[in-house]
Amino acid sequence: MNRDPKVAPTELSAFLEGDVREVARGLVGWTFLVHGAGGVIVETEAYRFDDPASHAFGGRTPRNATMFGPSGHLYVYRSYGIHWCANVVCGAEGVASAVLLRALQPTHGVDDMRTRRGVDDARLLAAGPGRLTQALGLSGENDGDDLGVPPYELTMPPQPPEVVASTRVGITRAIEQPWRYTLAGSTFVSRPRPRP
DNA sequence: CAGTGGATGCTCT
DNA sequence: GAGCATCCACTGT
């Protein structure tokens, strides 16, 4: 992969076309900003097209339509009636794989995120998919947005960081797949240790 | 810490 | 009507 930190949208697209597990692992360490607020991605999960835990498993529906579109767009859905969760759509159009953004280490616009979250502790601003979307001000209105253009910014790290794989969180199917990826040693992840 | 339960809305069967 | 890719408050060690 080209490690020039300035990533052109076409370059981002090429990266996102790969195996969704490699994309999920590779996105850890990138900086993700929305309107200048955000931080370093420290936790992701891969949801493959043929994965019983994926919203796309079983075919296209109104809710998951964005997953079937081109890579590099945001798939945002309502979780438990209360929260929003944000994914990066991966793979070729029609493949319907996605990477769930589960946690950020805040680095930019931290006060904006504090205001939206209503908490002070930087470790609680974006540790968890529902918290992350609230901190960034993302909601269902952003479903389908193109991540290659403003207000979104995705910047790769100068060096690929050390990443740890573990099982995914909060799912009931395909629970054995180690498709959760965390930045090694980070205290900004949604749960400090992988579940047993 | 660990475990439990409630809030809350939408999707799909 | 069931089941969530969750979070928070609360309980008990």
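Note on naming: letters A, B, ... go to the chains in the order of the sequence lines (proteins, then strands), and numbering restarts at 1 for each one. Just so you know, these numbers use all the heavy atoms, side chains as well, and skip hydrogens, waters and symmetry mates.
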**Prompt:** Dot-bracket for DNA chain C: what is it, with Watson-Crick or G-U pairs under 3.5 Å, [ ] where a pair crosses earlier ones, and | for a pair to another strand?
**Reply:** ||||.|||||||.
**Selected nucleotide, minimal atom distance to A:R131 side chain, candidates C:dC8, B:dC10, C:dT6** = C:dC8
**Message:** I'd like to know if A:Y80 reaches the base of B:dA7 with its side chain such that a donor and an acceptor end up less than 3.5 angstrom apart.
**Reply:** no
**Item:** Phosphate OP1/OP2 of B:dT11: any A:H55 side-chain N/O under 4.0 Å
**Value:** no
**Prompt:** Looking at A:R117, does any N or O in its side chain come under 4.0 Å of the phosphate oxygens OP1/OP2 on C:dC8?
**Reply:** yes
**Request:** State whether A:R102 places a side-chain N or O below 4.0 Å from either non-bridging phosphate oxygen (OP1 or OP2) of C:dT6.
**Result:** yes
**Asked** Contact class for A:S190 vs. all strands (heavy atom < 4.0 Å): base, sugar-phosphate, or nothing?
**Response** nothing
**Prompt:** Would the A:H55 and A:Y47 ring centres measure less than 6.0 Å apart?
**Reply:** no
**Request:** Heavy atoms only: give me the nearest A:M113-A:P106 pair and the separation to one decimal.
**Result:** CE-CB, 3.5 Å
**Item:** Residue whose closest nucleotide on DNA chain C lies nearer the 5' end, A:G130 versus A:R173
**Value:** A:R173
**Message:** Between A:N64 (side chain only) and A:G59 (backbone N and O only), is there a donor and an acceptor less than 3.5 Å apart?
**Reply:** yes
**Message:** Measuring only between side-chain heavy atoms, which start at C-beta, is A:F188 closer than 4.5 Å to A:E43?
**Reply:** no
